[in-house]
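Taking it in order: structure first as structure tokens, then the write-up.
These numbers come from the heavy atoms of this one structure, side chains and all, not from hydrogens, waters or symmetry mates. Atoms within each ligand, like the ligands themselves, are counted from 1 in listed order.
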Amino acid sequence: MEKIHLELTGVNMDFPTPNGSFRALENVNLKIQKGEFVSIIGHSGCGKSTVLNVIAGLYQATAGGVILNGKEVTVPGPERAMVFQNHSLLPWLTAYENVELAVKTIFKGKKSKSEMREWIEHNMQLVHMEHALDKRPDEISGGMKQRVGIARALAMEPEVLLLDEPFGALDALTRAHLQDSVMEIQADLGNTMMMVTHDVDEAVLLSDRIVMMTNGPAATVGEILEVNLPQPRDRIKVSESTQYNHCRHEVLRFLYERHGKKAEELTEDETIDETVVDSSEKSPVVDFKESQQPKNKVA
Ligand SMILES: Nc1ncnc2c1ncn2[C@@H]1O[C@H](COP(=O)(O)OP(=O)(O)OP(=O)(O)O)[C@@H](O)[C@H]1O
């Protein structure tokens with residue numbers, strides 16, 4: 001049995017609201033091994049981002065806690081880097097300088113100026129952005145900005161990379177490129193990665209396990225699905241495999257059941273455009289999409 005790297009135990013998260021306390025999470029328990037890629041999926045507003053924010057230390061759990069490498073985490077730290085849906089780069093700095101800012105914070109006094117430069121260039125290479133070091137965010141595309149955001153997070157040498165819908169704002173082709181890059185990076189570096197996504201295909205393609213959350217309020221882990229697909233994964237080969245379609249069906253079944261549709265109404269290859277109920281509003285919203293990403297691997 002592998003050693004547990006990251007563990008959430010009995011996590012509750014209550015938010016104060018004008019109408020009293022709102023319980024977003026209740027008794028969330030999760031054990032993650034080093035180097036695992038875990039996706040979190042669930043209906044809109046169920047609490048996926050809240051789970052990541054608690055791990056990041058941006059929110060403090062009202063009960064229970066998070067242990068990383070045997071130590072409790074309650075505040076943000078460089079060993080847990082977060083990538084958001086919107087790149088959050090500083091617009092007046094170049095791509096290089098944006099990454100440099102994070103690198104200086106972590107490695108000041110530990111790396112020389114030339115070592116820092118090498119390290120920044122190395123991380124930009126990992127995300128295939130070495131050609132745009134001197135571009136400012138307004139001079140590069142959304143996908144390129146996201147790449148720089150990932151480089152900035154990786155440059156902090158985090159033990160855990162937290163990805164909150166990192167590709168959600170991108171077009172299908174760019175998303176596919178970035179998914180491939182993230183798979184390559186994880187194969188290279190072996191980081192533990194946790195990703196919130198609404199995209200069932202993305203979750204199956206990238207994950208070792210998919211955590212499916214129940215609807216809120218007081219959301220918790222509903223089911224956990226193991227994705228037993230061989231690595232490295234080629235999107236075209238994977239999408240043709242029975243195991244892939246089984247995993248996809250299992251996630252859709254879970255989401256449908258939470259939406260009130262019966263599992264037996266699903267077929268293995270059913271196409272779905274929208275399936276969910278916003279768990280906080282209890283009204284149908286267009287949210288869960290079968291991925292429209294291209295099925296072939298893009299270089
Ligand atoms: N700071 C806050 N104060 C009050 N309520 C909050 C706060 N942050 C989140 N919530 C509530 O907690 C619940 C979970 O929110 P969260 O953003 O984690 O859901 P989510 O599953 O990530 O949603 P989505 O899929 O739409 O991004 C929601 O009902 C949300 O309104």
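By the 4.0 Å heavy-atom criterion, G45 is counted among the residues contacting ligand 1. Look at G42 and you'll find every heavy atom at least 4.0 Å from all atoms of ligand 1. The shell of residues lying under 4.0 angstrom from ligand 1, judged by heavy atoms, excludes M13.
Residue K104 qualifies as open at atom NZ: its count of foreign heavy atoms under 6.0 Å is 12 or below.
Proximity of M213 to ligand 1, defined as any heavy-atom pair under 4.0 Å, is not found for any part of the residue.
To the nearest 0.5 Å, the span separating CD1 on I41 from CG on D199 amounts to 7.5 Å. Rounding to the nearest 0.5 angstrom, the gap separating the CE atom in M194 from the CG atom in L6 is 6.5 Å.
The shortest N or O to N or O distance between C46 and ligand 1 is under 3.5 Å. Checked by distance only, ligand 1 and T17 stay at 3.5 Å or farther apart across all their nitrogen or oxygen atoms.
Minimum heavy-atom separation, F15 to A24: CE1-CB, 3.6 Å.
Compare L25, T50, L58 by their heavy atoms: the one nearest to atom 15 (O) of ligand 1 is in T50.
Considering M193, E7, H5, R209 as possible partners of I32, the one that fulfils the side chain to side chain contact (heavy atoms under 4.5 Å, CB included) test is R209.
No side-chain heavy atom of K237 sits under 4.5 Å from any side-chain heavy atom of S241.
A donor atom on one side chain and an acceptor atom on the other are not found under 3.5 Å apart for N27 and T220.
Close contacts of ligand 1 with Y59, meaning ligand atoms under 4.0 Å from a residue heavy atom, involve 1 (N), 8 (N). Residue-ligand proximity, F22 to ligand 1, at heavy-atom distances under 4.0 Å covers atoms 11 (C), 12 (O), 13 (C), 29 (O). Using a 4.0 Å cut-off to heavy atoms of E165, the atoms of ligand 1 that qualify are 27 (O).
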